[in-house]
Amino acid sequence: MCGIVGLFLKDPKLEPNLGAMLTDMLITMTDRGPDSAGIAIYGRPEKGRAKLTVQSATPDADFETLAADLGKAIAAKVTGTAKDTHMVLELPDDRLDAARHALRSLRPNAKVMSAGEGIEIYKEVGLPKDVAARFDIAHMSGTHGIGHTRMATESAVTTMGAHPFSTGSDQCLVHNGSLSNHNSVRRVLKQAGMTFETENDTEVAAAFISHKLQEGAKLGEAMEATLTDLDGFFTFVVGTKNGFGVVRDPIACKPAVMAETDQYVAFGSEYRAMVNLPGILSARVWEPEPATVYFWER
Ligand SMILES: NC(=O)CC[C@H](N)C(=O)O
């Protein structure tokens, strides 16, 4: 099981409703994954600024002076917005690497959920309705987003084991299925310098795509490579700063439905995730083909 939803907006008029639409879609998929839930939201990037979303199990202690401490450490203006166990830190985009580095010594127990110009990732153990409420996802606006509700197969039920996984700037991936060769792919990626936070198979898929993108591949090419190099079952939905992609393994036993109108492209593990979207009754609705890469970029 596991439930996936995704929404890539073409019509800017829908942007204020992105969080509300994704929340509704994800809650519909609750019975596909009771363990943990997460959402990646891509907001419109602000020129010269970047965002670092961090999570802490002890937010009161860790977040109170974090923005000021980080600002001092990297000699730049840093602002922080806390939501429950997560905090979004905004800082100059050329100080992002320095900020990640400083965070490791300033707050050794804080975890980086995502980094980039547009992306924010919120994920925790729990049901979609509770996770979405904790982070007030329904009031977030943005250009595209991806949600996931997990029934664990490959690693422990923890915050870091929840999807989406982000292994590169403005990148994320969610997965329904299980990979049989993730340990050997992880070894190869580690040798190439990629680092991992969990024993999870999906994190390997995310890092595989990030590594291909770092090597200069386009999103479509990186996703195509999963079909030859990753073994097992998968439906993947991938997000980048400007793009949104879907790919299923050649057997495609993990369900997937897509819908497209002039206003959006939507993904659901099942059609019922999309029933409340505007104009769904006249949308083009189809099942993505096995071993076929679909992607949209602005
Ligand atoms: N049920 C699933 O699709 C699980 C996805 C992935 N293998 C995980 O454990 O996180």
Side-chain angles (χ1 to χ4, degrees), residues 1-6 22 25-40 55 111-114 121-132 145-168 171-189 194-211 223 226-227 229-239 245-258 267-273 287-288 290-291:
M1 297 284 267
C2 280
I4 301 178
V5 299
L22 270 175
M25 292 171 81
L26 189 59
I27 289 173
T28 312
M29 292 289 93
T30 297
D31 57 7
R32 295 192 58 88
D35 298 338
S36 9
I39 289 204
Q55 185 269 359
K111 303 282 187 194
V112 173
M113 301 281 101
S114 62
I121 289 183
Y122 299 89
K123 60 185 193 180
E124 279 297 356
V125 171
L127 295 175
K129 71 171 170 47
D130 299 324
V131 174
I146 296 172
H148 186 272
T149 182
R150 180 178 185 219
M151 192 183 84
T153 63
E154 302 300 314
S155 69
V157 176
T158 61
T159 304
M160 292 311 278
H163 304 211
F165 283 92
S166 184
T167 49
Q171 290 158 30
C172 77
L173 179 142
V174 299
H175 173 206
N176 180 191
S178 50
L179 303 177
S180 47
N181 66 341
H182 66 100
N183 285 327
S184 53
V185 177
R186 182 188 279 111
R187 261 196 306 278
V188 173
L189 290 170
M194 301 299 290
T195 54
F196 293 87
E197 294 279 348
T198 70
E199 293 302 308
N200 187 274
D201 56 337
T202 308
E203 188 180 14
V204 173
F208 177 82
I209 289 185
S210 295
H211 182 58
M223 292 180 68
T226 64
L227 292 166
D229 291 18
L230 300 183
D231 194 33
F233 298 115
F234 56 87
T235 290
F236 294 136
V237 179
V238 175
V246 174
V247 63
R248 302 171 82 197
D249 70 69
I251 297 173
C253 61
K254 299 299 176 189
V257 184
M258 299 209 64
F267 178 96
S269 288
E270 300 173 39
Y271 176 76
R272 62 196 166 99
E287 180 181 349

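Please read these numbers as outputs of a predicted model, since none were measured by experiment. Whatever order the structure lists them in is the order used to number ligands and atoms, beginning at 1.
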### Query
Which ligand 1 atoms are under 4.0 Å away from a heavy-atom of Met1?
1 (N), 2 (C), 3 (O)

### Query
So which heavy atom in the protein is nearest atom 5 (C) of ligand 1, and how far is it from that ligand atom?
Gly177 O, 3.3 Å

### Message
Quick test of your reading of the model: are Glu270 and Arg32 salt-bridged, counting only N-O distances below 4.0 Å?
### Response
yes

#### Entry: Exam field: side chain Arg150 to backbone His175, donor-acceptor pair closer than 3.5 Å
no

### Stacked cation flag Lys123 on Phe165, 6.0 angstrom / 45 deg
yes

#### Entry: Top protein contact for atom 4 (C) of ligand 1, by heavy-atom distance
Cys2 SG, 3.2 Å

### Summary
Contact region, Leu179 to ligand 1, non-hydrogen atoms below 4.0 Å, reads neither

### Query
Relative to ligand 1, is Thr202 under 4.0 angstrom through side chain, backbone, both or neither, heavy atoms considered?
side chain

### Message
Pairs of nitrogen or oxygen atoms closer than 3.5 Å, one from Glu154 and one from ligand 1: do any exist?
### Response
yes

### Query
Given that the side chain starts at C-beta and the backbone is N, CA, C, O, which of these parts of Asn176 lies under 4.0 Å from ligand 1, counting heavy atoms, or is it both or neither?
both

### Message
Taking atom CZ as the centre, does Phe196 end up with more than 12 heavy-atom neighbours from other residues, nucleotides or ligands that are less than 6.0 angstrom away?
### Response
yes

### Query
Do ligand 1 and Asn200 have nitrogen or oxygen atoms that lie under 3.5 Å from each other?
yes

### Query
Can you tell me if Thr235 and Asn176 form a side-chain donor-acceptor pair at under 3.5 Å?
no

### Task
Compute whether any side-chain donor of one residue and acceptor of the other, for Ser166 and Ser114, lie under 3.5 angstrom apart.
no

### OG1-CD distance between Thr202 and Glu154, expressed to the nearest 0.5 angstrom
8.0 Å

### Contacting atoms of ligand 1, where contact means under 4.0 angstrom from a heavy atom of Met151
1 (N), 2 (C), 4 (C)

### Message
Any heavy atom of Lys254 closer to ligand 1 than 4.0 angstrom?
### Response
no

